[in-house]
Amino acid sequence: MLVPTADNNTMLSVRNLSISVGPSGKRIVDGLNFDLAPSDMLALVGESGSGKTMAARSIVSLLPAPLVTTPDSSIHFEGQELTGLAAKALRRIRGARIGMVFQEPMVSLNPAVTIGEQMAEGLRLHGAMSRAEIKDRSLAMLERIQIKDPGKCLAAYPHEFSGGMRQRIMLASVMLLKPRLLIADEPTTALDTLVQRDVLDLMVELTRENGTAVLLISHDLGMVSHYVNNVTVMCEGKAVEQGSSTQVLHAPQHDYTKRLVDALPKRSAGGSRKTVDGPPLVEISNVVIDYPGRPRLFGRAQPKRAVDGVDLTIRRGETLALVGASGSGKTTLGRAIVGLVRPASGTISFLGTAIANDRSADARAQRRGMQIVFQDPYSSLDPRQSIAEIITEPLKLDTELDRKRRTARMDEVIEEVGLTRDLLERFPHQLSGGQRQRVAIARAIVRRPAFVVADEPVSALDMTVQKQILLLIRSLQERYGFACLFVSHDLGAVEQVADRVAVMQDGRIVEIGDRDDVFDRPRHAYTRALLDAAMLIDRHFADGAGARKAVAR
Amino acid sequence: MIARARGRPGLKFNATFGVAVTGALILLAVFGPWIAPYDPLKLDLPSRLSGPSPQHLLGADEFGRDVLSRLASGARTSAWIAFATVAFALILGIVFGVLAGFLRGWVDRVVMMVNDAFLAFPGLLLALGLIAVIGASREGIIVALGLAYMPIVVRVVRASVMSIREREYVEASRVMGNSEIITMARHVLPNCVAPIIVLATTMFGWIILSESALSFLGLGVPPPAPSWGNMLSTARPYIGQAPHLIILPGLCISITLLGINMLGDAVRDWLDPKM
């Protein structure tokens, strides 16, 4: 369908790439074509299940077991056909000429081996180099990526670094071999906004210095358009649209692309809201939360202060967004309100009365009017309960409701969250991520709470699903008028749902105000940094800033 | 269970075989004395160590006692001891394991200290010591072996509880307002079932063998009453002359273990909604 014309300047040329489950099974990638010139960048964009990751993996023949490339597929890399290449020849290409960075920095480094050892591994395999030379190169690279004290870093283990640092190290060790092509599979999806920006900037710099071409796999069209010129949009294994990123973003041709672009966070999507000026519902005053320090040989290390004297008021019916980078204490604060974490001092009152700082029966009864929706719908639902059991469980504590009325309430709620009743008999693993999050929301609102904490409720979901869930939360809130503390690092999502925004840094609230004030007239430097790092599409257009494009041709 | 396993060939075989063997064992344990052609204690010295014959279908042992009759009545002893011991060890182990894993803190420290002290002794030695105190009766064996195997259960249960209690659905249950006990019973324990079942079925085998080891040391089921374990150990001197005396109880033990393990796997998969 969409066959780009190959020019002589092509380094990687993929033609008619199809991947099937077993030799004659279902095709999960179907007739994909694309070209990549040396030191150019191309992005494969699509939602989970679109086949983008498998397409990228097939280039280095790293498909998981039942998947195979069909015989008529062709992957041409620097004058060599890669499909059907013997394992030995492939190993000479992997790493040395095609490098790969994975999504999860937490698991893609071996926890039992030092950083230095892992960086040296590739060099030792692919180049005849002396020990000293390898060490010099590794040190130089670590200095290049601005790791503090590179010498110490070489001897350290992965767990001593944060996710962002690990991804930098991963990138460094891959780029150490100066590959001709770098395949980056959602390299920053697991990282928060500020770090995401850093890692991507670094990736672009490193690859440009070495003349390395990049194949970037991502679900985030907004982010991609900041860095990459050429985009291929994939849907259910097929390339539905190819072209320059500005063109795809501004004038999407295919329906699917239109939906993707539509799902990108825009302030208008949430609708303008009148300021809610209800009475205070949750009042937090001077709350301090400590995490106990690590146990040492004798005693314990200093406790870590996660939340440091926070005052916050949430009014009836409003959505207050709590934003900040990971480690800022925003999640801890949300969990303390619902009683999962015990504050060291300070008071939290709900509906005018202070809640005892424990899990006594009284405190539990007081907290019944508040609920929480967790980030990951894969771990927040009990795998052994059916959907019906999950949704009705909160009602069992309400002695006034008999079985019949519980069922009636469940039927009502399941429709409100946009699910059908035939899902009730299923188990969580049989549902998609979006459906699971709807179930989690149903569980939270089934008792008609006055207050819901939403802890990063959409960051584990696909873009189009994110938008649906955000709209769902809005509409439920309009119907039932519960207040919501929306904890998130994703300013795009916050922009769509929040009435007010509180920015948290190192356990303190540094800025709080109405949404438009905070987004348009940020006062604190940290807020500005966050906003700057969030690649919001609206802002990008407003500034007309194409400056961040990696390869300006 | 078999019906639900339909369409999953491996599981269906497991379930069928497991149910068949376990069913046969239960039938044998209940109706053994009626199936047996002779009194298991009746001596018939002329047919001493004889092989299978029309008179003694599975041969006779060193005192001429009918092997078939002894196997049938030994099934009751062995199965009862194994089932009761597993149940005893599981109940204690789950209670202490869940308490330690869920409450942590000083409860965990005390439970694990005692538990590790138990683990420091070899299981059989511990059982021997306990039997010396309690006395070598069936009940004594059950309590002694149960206590000897309990620490393993405590460790396994505690480890799985500790990993499950960190899941978000457990926190969701707390936010719902459920008390700790309900959270534990409804969300934590059911999700620990898989390792517990695997352990229980494996333990069943260990216990039949430990009972025979105890018999061998003279502290098992006291003779002349038969158990599969003591049949196996008393037949040892005659292995050259009458190998069937070793092979037959050995076969009974192996088939039972295989059946119980397959049943365990089938139950585990059956309880898992993901399968």
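Being a predicted model, the structure only gives us computed values, none of them experimental. Below, read A as the first sequence line, B as the second, and so on, with proteins coming before strands; counting in each chain starts at 1.
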What's the spacing between [X] [atom1] and [Y] [atom2] if we round to 0.5 Å?
X	Y	atom1	atom2	answer
B:S173	A:I390	OG	CD1	12.0 Å
B:N178	A:R364	CG	CZ	8.0 Å
A:D455	B:E168	CG	CD	7.5 Å

Does B:R167 reach the main-chain N or O of A:S379 with its side chain, forming a donor-acceptor pair under 3.5 Å? no

Would you name the heavy atoms of B:N191 and A:P383 that are closest together and state the gap between them? OD1-CG, 3.4 Å

Nearest heavy-atom contact between B:A172 and A:S380 is CB-O, 4.4 Å

Of the options A:Q385, A:E393, A:E389, which is the one that meets B:R186 in a side-chain hydrogen bond (donor to acceptor under 3.5 Å, both in side chains)? A:E393

Residue from A:V453, A:V373, A:D382, A:D376 scoring the most non-hydrogen pairs under 4.5 Å with chain B is A:D382

Atom [atom1] of [X] with >12 non-hydrogen neighbours under 6.0 angstrom:
X	atom1	result
A:R421	CZ	no
B:I181	CD1	no
A:Y480	OH	yes
B:F96	CZ	no

Between A:R447 and chain B, which part of the residue has a heavy atom less than 4.5 Å away: side chain, backbone, both or neither? side chain

Hey, are the side chains of A:P428 and B:Y169 touching, using non-hydrogen atoms and a 4.5 Å cut-off? no

Side chains of B:M176 and A:R443 in contact at under 4.5 Å (non-hydrogen atoms): yes

Could you please spell out the steps behind the side-chain contact (heavy atoms from CB on, under 4.5 Å) verdict for B:E171 and A:I372? CA-CA 9 Å; B:E171 304 204 311; A:I372 188 166; over 6 Å; no

Is there a side-chain contact (heavy atoms from CB on, under 4.5 Å) between A:R367 and B:V175? Walk through the geometry before answering. CA-CA 8 Å; A:R367 288 197 187 99; B:V175 176; over 6 Å; no

